[in-house]
Protein chains: 2
Amino acid sequence: MVPTIEWKDGIVRMLDQTKLPLEVTFFDCSTYQEVATGIKELIIRGAPAIGVAAAMGVALGAQKVETDDFAEFYSQVEKICAHIGSTRPTAVNLFWAIERMKQFILSNKEKPVAVIKKALIDESNKVLKEDIEANKAMGRHGSQFIKNGNTILTHCNAGALATGGYGTALGVIRAAKEEGKDINVFADETRPVLQGARLTAWELMEDDIPVTLITDNMAGWFMKKGMIDLCIVGADRIARNGDTANKIGTYSVAVLAHRHGIPFYVAAPVSTIDFNIPSGDSIPIEERNPMEVTHVFGKTQIAPKGVKVANPAFDVTPAELITAIITEKGAFKPGEISRLAVVSSKQKQEVRSQKSEENLPPLEKGD
Amino acid sequence: MVPTIEWKDGIVRMLDQTKLPLEVTFFDCSTYQEVATGIKELIIRGAPAIGVAAAMGVALGAQKVETDDFAEFYSQVEKICAHIGSTRPTAVNLFWAIERMKQFILSNKEKPVAVIKKALIDESNKVLKEDIEANKAMGRHGSQFIKNGNTILTHCNAGALATGGYGTALGVIRAAKEEGKDINVFADETRPVLQGARLTAWELMEDDIPVTLITDNMAGWFMKKGMIDLCIVGADRIARNGDTANKIGTYSVAVLAHRHGIPFYVAAPVSTIDFNIPSGDSIPIEERNPMEVTHVFGKTQIAPKGVKVANPAFDVTPAELITAIITEKGAFKPGEISRLAVVSSKQKQEVRSQKSEENLPPLEKGD
């Protein structure tokens, strides 16, 4: 499969997801401002992929800072970080990646700026590589919840396209498929930007995983008909108590799953957990351009001119509706993820000390 | 406002709803086959409007039957009825209107065929007129549930465009507005055919009723945020126990409303109640063309070529999730509507005897 994002000849190349599935084209960024545009305009999207793009954007911007003075260099990088950080407010991986890159610079402050600049590219590639590894670990931890013959509902795209590769929710589905399980997927089309119709359906078809495309408002009906065994979605930000912000419509899927006694799983890397906020009430919800609702692909008008529109890009699913959160560290009941905060701060230290993450405390699995 | 459907110079003229809101154009039918096409292709849609179209289609077809022999005439009309009846399986008003026209012919069998043919046009106009009157009565009975300052969520289009005029769900909203209540409406866009975005938003803007357009998957989130006070939708077929088939997505809205303690009302004429079926399990659900999901307006492709699609046009909301059913005879708890069967069979007699409908048994109101 085509990489979602990569370094290529000194530029950051993104697969242009706004054109999928009709065209496979690329958005090449030679400046950090272009990376920011790519994030803002959904050329790249999905919390983990946004994190990778932000890391690469910081590294790209840093290459063009012309100074040997560390303080001046860091000050310029902070401006780059602020610009990239202003693109999308909800996905916490954006801020996590920016913070990681800043901490990386600070932990190498004694080195020459030229060395740091080069190392930043390596570090951003490491963010990408770790993300893919995290996805595969999520797949291993999550596939236990998928039984042979199951039909899985997913919302939006939490696949290879939303990550460095492999996927979070779709990574779990891929892992189940790789284990030889016979599975079917129902993909919500996910209005307004249609990530389900355009991206999830495309990814699954590429991987020969049987997929049925439905409109968002059909999910409840298929649950009532007994056709859905479990739901798996990704996440844009998870609060300390397990409340989860994800693509608009996720909350409705969770409520419907709850009514029908269908398990509802969230798959996301630990980097998507925001341990600084106690609950979903503190997660900022991005309001996007009304044109996304009134025009399909920015061109086909489907509503009266001048109509008032609401367009929140995300909603928050309360922890009580989530069966388990599947991370690269294992699957947990939502109320248990705060224990990962130790891991997370440990990880931060490890970013600095480059130590292995193997010696983590054992964690219970979600049911 | 432009009439949804009317007789005009010997033809049946439909406002072409597939082109709204971008173009106000008409589909003129000079044959009953064209009327059937208009119904099948959603040029006219909405259960009550389909009923009116079917009645006019039967009358139109009957005009061209060249015989003075009643038996031959009736036999030809039955073929016309079968053709029109094969267009859409869920909306019961289609079959109700066809049956009414057949009964009308039978009750006038002693008259010359030429007289019956002319009278059929009058009868179809009567179906139209009665539908508008029923809508206005529904408005009076239903507006009690809307308080000053309320925000109402509606799904699909149950407005003037879905009926002879005025509307069922939107008729109730119009009545509240006419009573001087300050109200707001949230309109689900209603994928895949976008009746909410294209028709409901357009109707409400024409009437200066404040409307906010949202995608279907946002409704639950706005309920959670406390922004919706009540829901009102139309119906395509109501079973004797109150189970209600309506546009796909209605069931999800009802489940979400239930979770948030928000009243959920169905507004529909008695002609939409199918007293012959005990529950929603017996309602046939129309499966429509996958192109409706994969292409917007039949032209803008939004999904990978060849993707498997499910496209049920309706779902069934169980009676337990419905606060009240608002009819032209009053508002009832879903469990109480079976009492209207008496009225319904009485109405059938009255169609034959042209008696007044005033002497109905008193009926309790829903809460």
Side-chain angles (χ1 to χ4, degrees), chain A residues 20-22 155 186-192 194 196-198 201-202 205-206 210-222 224 247-256 258-260 285 290 293-294 296-297 299-312 314-316 318, chain B residues 20-22 155 186-192 194 196-198 201-202 205-206 210-222 224 247-256 258-260 285 290 293-294 296-297 299-312 314-316 318:
Chain A
L20 286 175
L22 305 184
H155 187 74
F186 270 56
D188 279 352
E189 64 173 6
T190 318
R191 281 280 290 149
L194 295 161
R198 299 189 302 104
W202 184 73
M205 288 171 82
E206 292 272 311
V211 58
T212 301
L213 175 64
I214 61 172
T215 60
D216 301 304
N217 58 21
M218 292 175 189
W221 180 237
F222 288 114
K224 183 160 191 285
K247 180 54 54 196
I248 188 73
T250 303
Y251 171 65
S252 294
V253 172
V255 168
L256 288 159
H258 185 258
R259 175 170 175 95
H260 298 93
I285 300 296
V293 174
T294 57
V296 173
F297 276 139
K299 60 182 185 186
T300 303
Q301 184 185 339
I302 59 167
K305 195 167 181 322
V307 68
K308 185 180 172 190
V309 165
N311 188 17
F314 305 95
D315 58 27
V316 177
Chain B
L20 287 175
L22 306 184
H155 187 74
F186 271 55
D188 280 352
E189 65 173 7
T190 319
R191 280 282 289 151
L194 296 161
R198 299 189 303 102
W202 184 73
M205 287 171 82
E206 292 272 310
V211 57
T212 301
L213 176 63
I214 61 172
T215 61
D216 301 303
N217 58 20
M218 293 175 190
W221 179 238
F222 287 115
K224 184 162 190 283
K247 181 53 54 197
I248 187 73
T250 302
Y251 171 64
S252 294
V253 171
V255 168
L256 288 160
H258 185 257
R259 176 170 173 96
H260 298 93
I285 300 296
V293 174
T294 58
V296 173
F297 276 139
K299 59 180 186 188
T300 304
Q301 184 186 338
I302 58 167
K305 196 167 180 322
V307 68
K308 184 179 172 192
V309 165
N311 188 18
F314 305 96
D315 58 26
V316 177

Which bit of B:Pro210 is near chain A, if near means a heavy-atom gap under 4.5 Å: side chain, backbone, both or neither? neither
Engaged part of A:Arg191 at the chain B interface, taking heavy atoms whose separation is under 4.5 Å: both
Answer key: most heavy-atom pairs under 4.5 Å with chain A among B:His155, B:Lys224, B:Arg198 is B:Lys224
Between A:Ile302, A:Val293, A:Thr190, who has the most heavy-atom pairs with chain B when the cutoff is under 4.5 Å? A:Ile302
Honestly, the part of B:Asp216 sitting under 4.5 Å from a heavy atom of chain A is side chain
Looking at every non-hydrogen atom in both residues, tell me the closest pair between A:Gly220 and A:His260 and how far apart they are. O-CE1, 3.9 Å
Using a cut-off of under 4.5 Å on heavy-atom pairs, state which of B:Ile248, B:Thr250, B:Leu256 scores highest against chain A. B:Ile248
In short, B:Met218 meets A:Pro312 closest at the heavy-atom pair SD-CD, 3.7 Å
side-chain contact (heavy atoms from CB on, under 4.5 Å) between A:Thr212 and A:Phe222: does it pass, once the steps are laid out? CA-CA 11 Å; A:Thr212 301; A:Phe222 288 114; over 6 Å; no
Considering all heavy atoms, the nearest A:Tyr251-B:Arg259 contact: OH-NE, 3.5 Å
Is chain A contacted by the side chain of B:Pro304, its backbone, both, or neither, given a heavy-atom distance below 4.5 Å? both
Counting only heavy atoms closer than 4.5 Å, note whether B:Met205 contacts chain A via side chain, backbone, both or neither. side chain
Go through B:Ile285 and A:Trp221 one step at a time and tell me if the side-chain contact (heavy atoms from CB on, under 4.5 Å) criterion holds. CA-CA 11 Å; B:Ile285 300 296; A:Trp221 180 237; 4.2 Å; yes
Which atoms of A:Glu189 are under 4.5 Å from chain B, going by heavy atoms: the side chain, the backbone, both sets, or neither? side chain
Minimum heavy-atom separation for B:Gly196 to B:Ala187, with atom names? O-CB, 4.4 Å
Heavy-atom distances under 4.5 Å only: say whether B:Lys247 touches chain A with side chain, backbone, both or neither. neither
Gap between atom CG of A:Leu194 and atom CG of A:Asp188 - 0.5 Å precision: 11.5 Å
Rounded to the nearest 0.5 Å, what separates atom NZ in A:Lys308 from atom CZ in B:Phe186? 6.5 Å
Most chain B-contacting option - heavy-atom pairs closer than 4.5 Å, from A:Leu20, A:Val316, A:Val296, A:Asn311: A:Val316
